[in-house]
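In this text the structure is predicted, and so the values were computed from the model without any measurement.
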There are 2 protein chains.
Amino acid sequence: MLFVDFMLLSSACVYGLRASVYLASVSDDSYVSITKISEELDISRHFLTKVLQKLTDNDIMESMKGPKGGVRLTRPGDEIVLLEIVAAIDGMDILTECALGLPGCGTAKPCPIHDQWADTRDEIRQMLTETTLRNLVDRGKAGNLRLTEEGEFKWA
Amino acid sequence: MLFVDFMLLSSACVYGLRASVYLASVSDDSYVSITKISEELDISRHFLTKVLQKLTDNDIMESMKGPKGGVRLTRPGDEIVLLEIVAAIDGMDILTECALGLPGCGTAKPCPIHDQWADTRDEIRQMLTETTLRNLVDRGKAGNLRLTEEGEFKWA
DNA sequence: CCGTAAAAAGACAAAATACTCCTTAATCTA
DNA sequence: TAGATTAAGGAGTATTTTGTCTTTTTACGG
C-alpha cells in the first residue's frame, strides 16, 4: 500500500497512528492480534508488526505472545496523545529540525527561515500534543469517519 | 550531504530553496553558473543541476548555456513566494494530502484527523505563500544569518 | 507434555530518494 | 570557424524506506 508522493509523516508512522486509533476504539482490556488489526485496516501484517514493536518498546502498547495474545494500549485512549506515537516511530526531528535542512539551526545559529518555520512547527506540535486517541475515536464515531482507504471501516 | 532523518521537505527542495534565496541575494540580471552556486552553498553540483532544471521548467528560473551562462530568477525576489519553489520540486501533496495517508481524504470523505490537520496545513501554506525570497534575503542580511551548514556564507 | 497460535527477530527483496558520471547541445570568445 | 564553457539529458550507483518471508520464542489449551 504505497502512496507515491511526499508526506509529512512516514508510512510507518501513519500505520502506527491508524492502529492506535483502532485499538482505542475497541478497547476493552483484551489483546488484539496484529493479524486482526492488519486485516481490518488493510495494512501489511509483517510490516505492521515491526511498526507496533516500536510502540511496545516505547510503552505505548504492550504485547503478549501465544494464543489469545496480541497487542493493547498500556493506557486509556484519553491519556495517549498523537505526539507520543509520532515521536516513537518517526522521532522528534520533524519538530526540531530546520526547514532548510541545516543541522544545528536554532535560536543560536538561525537560518533565514528559522523564525517563520518555528511558528509553523509549534502549530504542528500543539496539534499533536493536544489531540488524544480518544479525541479521534470520538470524532470518528460521531461522524462515521473512515479509517481505511475505502472507508469501509466500522467503528466498534 | 545526507541528513539522516525525516524532514518536512525533500533534500532536493531544500537545495532549491537555498539556491533561490542565494540568487535573490545577488540579483543583478546576470546569469550565475550552477558550479558557482554549488560551491557557495556546498551542494553537489550535478544534483543541484537537476533540481534547478525543475525550477527552469516551471519558469521560476531561466538558464543560458555556454560561457557566461548559468541560471537566474525570472522575476524579482519579492515576486516569488516559497510555495512556488516547493510546489515545483516536491509537488503540492504536502498541502493537499491527508495526515493519515488516506488517498482522497477531504471534506467529502474525511478521516478522523482531517479537520485538525487541515488547520495545521493551512498554517504551512500561509507561511509558504506569504514569504517571498526577498523576505528571506532581507532577514538574512539584517541578521547575518547563515545559508550553509557551517554558517560561512557571506551575503552579497 | 504436546500442538497450535501469536509476537519477536532477522534475512532478504523492491521501490523511492539521493547522488555521480558521462555525453550532448548551446553559446560565447578569440 | 574552433575551442572552451556551461546547462541539459540520460544512465548508473548508493542509501533509506517499505515490504516480504522464514525462523525462533512465548504462551495457551487440551
Side-chain angles (χ1 to χ4, degrees), chain A residues 1-16 18-19 23 30-39 41-74 89-91 93-94 101, chain B residues 1-19 23 30-39 41-74 89-91 93-94 97 101:
Chain A
M1 191 158 51
L2 214 156
F3 304 125
V4 284
D5 283 289
F6 187 80
M7 286 189 300
L8 178 69
L9 305 175
S10 69
S11 293
C13 190
V14 168
Y15 297 161
R18 287 168 60 203
L23 281 181
S30 62
Y31 289 97
V32 180
S33 79
I34 298 176
T35 300
K36 165 85 170 167
I37 302 173
S38 72
E39 285 168 357
L41 301 183
D42 194 30
I43 298 171
S44 152
R45 179 167 63 91
H46 292 294
F47 192 57
L48 185 59
T49 296
K50 293 202 186 312
V51 171
L52 297 191
Q53 274 178 40
K54 289 192 185 182
L55 297 183
T56 57
D57 290 346
N58 284 269
D59 288 318
I60 294 165
M61 292 182 182
E62 55 194 355
S63 65
M64 197 177 57
K65 294 181 180 178
K68 301 292 168 187
V71 294
R72 66 181 179 195
L73 299 173
T74 53
I89 298 171
D90 275 349
D93 282 16
I94 192 182
Chain B
M1 189 157 50
L2 214 154
F3 303 125
V4 284
D5 285 288
F6 188 81
M7 286 190 299
L8 177 70
L9 305 175
S10 69
S11 293
C13 190
V14 168
Y15 296 162
L17 281 169
R18 288 167 60 203
L23 281 181
S30 61
Y31 290 97
V32 179
S33 80
I34 298 178
T35 301
K36 165 84 169 168
I37 301 173
S38 71
E39 285 169 356
L41 301 183
D42 194 27
I43 298 171
S44 150
R45 179 168 62 91
H46 292 294
F47 192 55
L48 184 60
T49 296
K50 295 207 183 310
V51 171
L52 297 190
Q53 274 176 40
K54 289 193 183 180
L55 296 182
T56 58
D57 289 346
N58 284 269
D59 287 319
I60 294 166
M61 292 183 183
E62 55 195 354
S63 65
M64 195 177 58
K65 293 179 179 178
K68 301 290 167 191
V71 294
R72 66 181 178 195
L73 300 172
T74 53
I89 298 172
D90 276 348
D93 282 15
I94 191 181
E97 283 302 303

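- At whole-Å resolution of the value, NZ in A:K54 and P in C:dA7 are 18 Å apart.
- Here CG of A:L23 is found 5.0 Å from CG of A:L73. Values are rounded to the nearest 0.5 Å.
- A sub-4.0 Å separation between OP1 or OP2 of D:dA7 and a side-chain N or O of B:Y31 is absent.
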Show the distances under 3.5 angstrom between N or O atoms of the protein and N or O atoms of nucleotides 10-13 of chain C.
| residue | atom | partner | partner atom | Å |
| --- | --- | --- | --- | --- |
| C:dG10 | N7 | A:K50 | NZ | 3.3 |
| C:dG10 | O6 | A:K50 | NZ | 2.9 |

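- Atom CG in A:L48 sits about 14 Å away from atom C1' in C:dA8, given to the nearest Å.
- Residues A:S44 and A:S38 come closest through the heavy atom pair C-CB, 4.4 Å.
- With rounding to whole Å, A:E39 atom CD is found 14 Å from C:dA5 atom P.
- Not a single donor-acceptor pair under 3.5 Å links the side chain of A:D90 to the backbone N or O of A:L9.
- In this structure, A:K36 atom NZ and C:dA6 atom C1' are separated by 15 Å, rounded to whole Å.
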message = With side-chain contact (heavy atoms from CB on, under 4.5 Å) as the criterion, how do B:I43 and B:I37 come out once you've worked through the C-alpha distance, each side chain's angles and the decisive distance to 0.1 Å?
response = CA-CA 8 Å; B:I43 298 171; B:I37 301 173; 5.9 Å; no

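- Taking the side chain to side chain contact (heavy atoms under 4.5 Å, CB included) definition, one finds that A:K36 meets it with A:Y22, A:V32, A:S33, A:E40, sequence neighbours left out.
- Between A:R45 atom CZ and C:dA8 atom P the separation is 13 Å, expressed in whole Å.
- The nearest whole Å value for the distance from the CG atom in B:D42 to the P atom in C:dA18 is 17 Å.
- OP1 and OP2 of D:dT18 both lie 4.0 Å or more from every side-chain N or O belonging to A:S44.
- Residue A:Q53 has no polar side-chain atom (N or O) positioned under 4.0 Å from OP1 or OP2 of C:dA7.
- With rounding to the nearest 0.5 Å, the separation of OH in B:Y15 from CG in B:L41 is 11.0 Å.
- For A:E62, the side chain to side chain contact (heavy atoms under 4.5 Å, CB included) criterion is met by A:Y31, A:R72, A:T74, not counting sequence neighbours.
- Put simply, CG on A:D42 and CZ on A:R18 are 7.5 Å apart, with the number rounded to the nearest 0.5 Å.
- Side-chain N/O atoms of B:Y15 include none lying less than 4.0 angstrom from OP1 or OP2 on C:dA18.
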Pairs under 3.5 angstrom only: tabulate donor-acceptor contacts from the side chains of residues 49-60 of chain A to other protein residues two or more places apart or in another chain.
| residue | atom | partner | partner atom | Å |
| --- | --- | --- | --- | --- |
| A:T49 | OG1 | A:R45 | O | 2.9 |
| A:T56 | OG1 | A:Q53 | O | 2.8 |
| A:N58 | ND2 | A:K54 | O | 2.7 |

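- In this structure, CD of A:E62 is placed 18 Å from P of C:dA6, rounded to the nearest angstrom.
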Check nucleotides 4-6 of chain D for protein N or O atoms closer than 3.5 Å to its own N or O atoms and list the pairs.
| residue | atom | partner | partner atom | Å |
| --- | --- | --- | --- | --- |
| D:dT5 | O2 | B:P67 | N | 3.4 |
| D:dT6 | O4' | B:G66 | O | 3.2 |
| D:dT6 | O2 | B:G66 | N | 3.2 |

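- Nearest to the side chain of B:S11, among D:dA8, C:dC19, C:dA8, sits C:dC19.
- The CZ-P distance, from B:R72 to D:dA7, rounds to 13 Å in whole Å.
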